[in-house]
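Reading through the structure tokens given below for one structure.
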Amino acid sequence: MNKNILFLALFLGGLFWSQAQGPVRERIKTLKVAFITERVGLTSKEAQEFWPVYNEHEEQLESIRQRERAEFGSRASSPQSLSDAESAALLDELIALESEKHQMNQDFIARMRKVIPPRKVLLLIQAEEDFKKRLLQQFRKRQGGG
């Protein structure tokens with residue numbers, strides 16, 4: 001079950017990345033900024049400190065996503081063709097990247113707690129999830145899938 005979720009997340013991340021090139025990607029980013037600002041209720045003072053930290057975190061996450069796509073794109077699409085040793089090595093790389101993301105997220109939350117109140121950090125986490133859901137719904141709607 002967890003492997004399915006992981007591969008779905010990697011697939012969707014790659015899908016959004018490939019679909020969100022150029023102007024579309026910038027439009028999504030603009031909508032996300034507006035959505036988060038509204039949902040979290042950032043004051044202008046909070047926003048001045050919040051966005052640099054947030055943007056740095058997003059850049060770090062994108063760097064990891066690029067590494068995931070580079071490492072797992074072709075190899076993970078056909079796991080049946082991998083040897084046991086190759087599969088084990090790929091899983092080890094995946095675990096290392098997941099661990100790096102986990103640590104990065106912990107550091108991000110700790111930094112955010114110094115920038116905005118804890119309640120707003122929770123609102124941020126919720127807003128990010130809600131934005132992803134809406135983005136996925138819009139994608140499905142445009143693809144005719146619901």
Side-chain angles (χ1 to χ4, degrees), residues 1-79 82 87-146:
M1 174 87 171
N2 286 340
K3 283 196 293 185
N4 290 338
I5 292 170
L6 179 63
F7 285 114
L8 177 62
L10 288 173
F11 173 75
L12 289 175
L15 185 63
F16 284 131
W17 180 81
S18 66
Q19 293 292 320
Q21 295 299 308
V24 175
R25 180 176 234 170
E26 287 304 312
R27 173 107 170 103
I28 290 171
K29 187 175 180 177
T30 301
L31 291 170
K32 186 176 183 182
V33 167
F35 188 84
I36 288 172
T37 301
E38 179 184 330
R39 292 291 289 275
V40 176
L42 295 172
T43 65
S44 58
K45 182 182 182 303
E46 288 171 339
Q48 286 177 341
E49 295 180 46
F50 172 89
W51 288 112
V53 173
Y54 186 85
N55 290 334
E56 178 186 336
H57 178 67
E58 286 291 301
E59 288 172 14
Q60 291 171 341
L61 284 177
E62 181 57 29
S63 172
I64 290 177
R65 287 183 204 114
Q66 287 175 354
R67 288 176 22 218
E68 282 176 333
R69 285 188 295 274
E71 290 294 321
F72 306 107
S74 59
R75 294 191 292 170
S77 64
S78 57
L82 298 175
S87 297
L90 189 60
L91 287 173
D92 289 343
E93 291 172 34
L94 180 62
I95 289 169
L97 283 172
E98 288 298 319
S99 178
E100 188 176 341
K101 273 197 287 191
H102 180 71
Q103 185 61 52
M104 188 182 301
N105 285 327
Q106 285 182 324
D107 295 344
F108 172 69
I109 290 171
R111 287 181 68 193
M112 273 298 156
R113 290 178 75 164
K114 296 175 183 174
V115 174
I116 58 177
R119 181 181 55 80
K120 288 188 177 185
V121 175
L122 291 172
L123 288 171
L124 168 63
I125 294 166
Q126 184 179 26
E128 286 182 311
E129 287 303 313
D130 290 347
F131 185 81
K132 287 178 205 172
K133 287 177 188 174
R134 287 188 184 193
L135 191 61
L136 185 56
Q137 287 171 347
Q138 288 296 317
F139 178 77
R140 286 180 179 155
K141 186 176 179 181
R142 289 183 185 197
Q143 297 299 315

request  = Over all heavy atoms of both residues, which pair between Glu68 and Leu97 is shortest? Give the atoms and the distance, please.
outcome  = CG-CD1, 3.6 Å

key: Salt bridge present between Arg25 and Glu62 (N-O < 4.0 angstrom)   = yes

key: salt_bridge(Lys45, Glu49) N-O dist < 4.0 Å   = yes

query = Can you tell me how far the CD1 atom of Ile116 sits from the CZ atom of Arg111, to the nearest 0.5 Å?
reply = 12.5 Å

key: Reported CZ-to-OG1 distance for the pair Phe50 and Thr43, which is rounded to 0.5 angstrom   = 11.5 Å

ask   = With side chains defined as the heavy atoms from C-beta onward, is the minimum distance between Lys120 and Leu124 less than 4.5 Å?
value = no

key: Heavy-atom side-chain contact between Leu135 and Phe35 under 4.5 Å   = no

inquiry  = Are there over 12 heavy-atom neighbours, none belonging to Arg134, within less than 6.0 Å of that residue's CZ?
reply    = no

request  = Evaluate the criterion side-chain contact (heavy atoms from CB on, under 4.5 Å) for residue pair Val121 and Val115; output intermediate values, then yes/no.
outcome  = CA-CA 9 Å; Val121 175; Val115 174; over 6 Å; no

request  = For Asn55 and Glu59, run side-chain hydrogen bond (donor to acceptor under 3.5 Å, both in side chains): C-alpha distance rounded to whole Å, both residues' side-chain angles, the deciding distance at 0.1 Å, then the answer.
outcome  = CA-CA 6 Å; Asn55 290 334; Glu59 288 172 14; over 6 Å; no

request  = For Gln126 and Val40, run side-chain contact (heavy atoms from CB on, under 4.5 Å): C-alpha distance rounded to whole Å, both residues' side-chain angles, the deciding distance at 0.1 Å, then the answer.
outcome  = CA-CA 9 Å; Gln126 184 179 26; Val40 176; over 6 Å; no

remark   = CD of Gln48 to CG of Leu42, rounded to nearest 0.5 Å, is 11.5 Å

query = Are the side chain of Thr37 and the backbone of Val33 linked by a donor-acceptor contact shorter than 3.5 Å?
reply = yes

query = When rounded to the nearest 0.5 angstrom, what distance separates CZ in Phe108 from CD in Gln60?
reply = 10.0 Å

ask   = Rounded to the nearest 0.5 Å, what separation is found between the CD1 atom of Ile109 and the NE2 atom of His57?
value = 8.0 Å

key: Derivation and outcome, side-chain contact (heavy atoms from CB on, under 4.5 Å), residues Arg140 and Gln137   = CA-CA 5 Å; Arg140 286 180 179 155; Gln137 287 171 347; 5.6 Å; no

request  = Work out which heavy atom in Gly41 is nearest to a heavy atom in Glu46; give both atom names and the distance.
outcome  = O-OE1, 3.8 Å

task = Please lay out, stage by stage, how Glu98 and Lys101 fare under the test salt bridge (Lys or Arg N to Asp or Glu O under 4.0 Å).
result = CA-CA 5 Å; Glu98 288 298 319; Lys101 273 197 287 191; 3.2 Å; yes

ask   = Could you give the distance from CG (Leu90) to CD1 (Ile95), rounded to the nearest 0.5 Å?
value = 10.0 Å

query = Which class fits the ring pair Trp51 and Tyr54: parallel under 30°, tilted 30 to 60°, perpendicular over 60°?
reply = perpendicular

Candidate pair Lys29 and Glu58, rule salt bridge (Lys or Arg N to Asp or Glu O under 4.0 Å), full reasoning = CA-CA 11 Å; Lys29 187 175 180 177; Glu58 286 291 301; over 6 Å; no

Glu38 atom CD, neighbour heavy-atom count above 12 within 6.0 Å = no

task = Write down the atom of Ala47, the atom of Pro52, and the distance for their closest heavy-atom approach.
result = O-CD, 4.2 Å

